[in-house]
Protein chains: 2
Amino acid sequence: MALREPDCLFCKIVAGEVPAEIVREGERTVAFRDINPQAPTHVLIIPKDHYRDAAAAGRAGRGVLDEIAVAAEEVAKAEGVAANGFRLVFNTGPGAGQTVFHVHGHLLGGRGLEWPPG
Amino acid sequence: MALREPDCLFCKIVAGEVPAEIVREGERTVAFRDINPQAPTHVLIIPKDHYRDAAAAGRAGRGVLDEIAVAAEEVAKAEGVAANGFRLVFNTGPGAGQTVFHVHGHLLGGRGLEWPPG
């Protein structure tokens, strides 16, 4: 049973209560397509456990972000975008564009990626 | 002694052989300013150990990315950009803009951050 926050949209996706186009499910992570994709591959990778943001997940000291990075590469390979490179982005706080406060890495690939990253 | 790759620029920064404007050093991570900053705060956070990219660090299963996320928040707080939000970006592969093959998280903050992230 995952650590859960009652009103969290992503916790509901983990629990199967809200639909999402899931592309990969691991023991501790779930990956699903962003509903407003910004690249041919734009997948969100989240831990099943609820942490507000990347630092909160990191402070838990359970290797959650390590697993998200591995899952991101696996999704990128499965989508055929790994060879050309991909980006993994964590937003912290509304000013950075974080809208759901359950940590999620944005995997983007399948097109040229500009710099700066927003 | 950190896991080291002989010709890696960032390993040389870790070893103090190449100068960098270091803003935070932890037991396993170092944070220093990007030489081509894209935001008022643009800091690179790296593990002292050499891993080619985020997935390689993740596969090591040592919590390296967890520590990078925690360090990123600490740097963001120290720079006064945490409250307004910040972004942490990992590029994997030349097509995503990765130019140094020692995993590094780009912390960006201190200005509005657009979407998409590049």
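Here is how names work: the chains are called A, B, and so on, in the same order as the sequence lines, proteins then strands, and each is numbered from 1.
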Can you see which heavy atom on A:Arg59 is nearest to which on B:Val70, and at what distance? N-CG2, 3.5 Å

Minimal non-hydrogen separation, B:Ala69 against A:Ala55, with atom names: O-CB, 3.8 Å

Taking every non-hydrogen pair under 4.5 Å, which of A:Leu113, A:Asn91, A:Leu108 racks up the most with chain B?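 Top option by heavy-atom pairs under 4.5 Å: A:Asn91.
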
So which of A:Gly118, A:Pro94, A:Gly58, A:Gly63 has the largest heavy-atom pair count under 4.5 angstrom toward chain B? A:Gly118

Could you give the distance from CZ (B:Arg62) to CG (A:Asp66), rounded to the nearest 0.5 Å?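 Interatomic distance, B:Arg62 CZ to A:Asp66 CG, rounded to 0.5 Å: 10.0 Å.
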
Whether B:Phe90 and A:Phe90 hold their rings parallel, tilted or perpendicular, with breakpoints at 30° and 60°: perpendicular

In terms of heavy-atom pairs under 4.5 Å, which option from B:Pro116, B:Ala83, B:Gly93, B:Ala72 contacts chain A the most? B:Pro116

If you count heavy-atom pairs under 4.5 Å between each of B:Ala96, B:Gly95, B:Gly85 and chain A, which one has the most?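 When all of B:Ala96, B:Gly95, B:Gly85 are compared, B:Ala96 has the most.
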
Side-chain heavy atoms nearer than 4.5 Å, only ILVMFWY residues, links allowed to pass through others: does that put [X] and [Y] together?
X: A:Leu44; Y: B:Leu65; value: no
X: A:Val103; Y: A:Leu88; value: yes
X: A:Val30; Y: A:Ile45; value: no
X: B:Leu9; Y: B:Ile22; value: yes

Check this for me: B:Glu114, atom CD, are more than 12 non-hydrogen atoms of other residues, nucleotides or ligands nearer than 6.0 Å? no

Taking CG in B:Asp34 as the centre, count heavy atoms belonging to other residues, nucleotides or ligands within less than 6.0 Å. Is the count above 12?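 Counting neighbours around CG of B:Asp34, more than 12 heavy atoms of other residues, nucleotides or ligands fall under 6.0 Å, so yes.
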
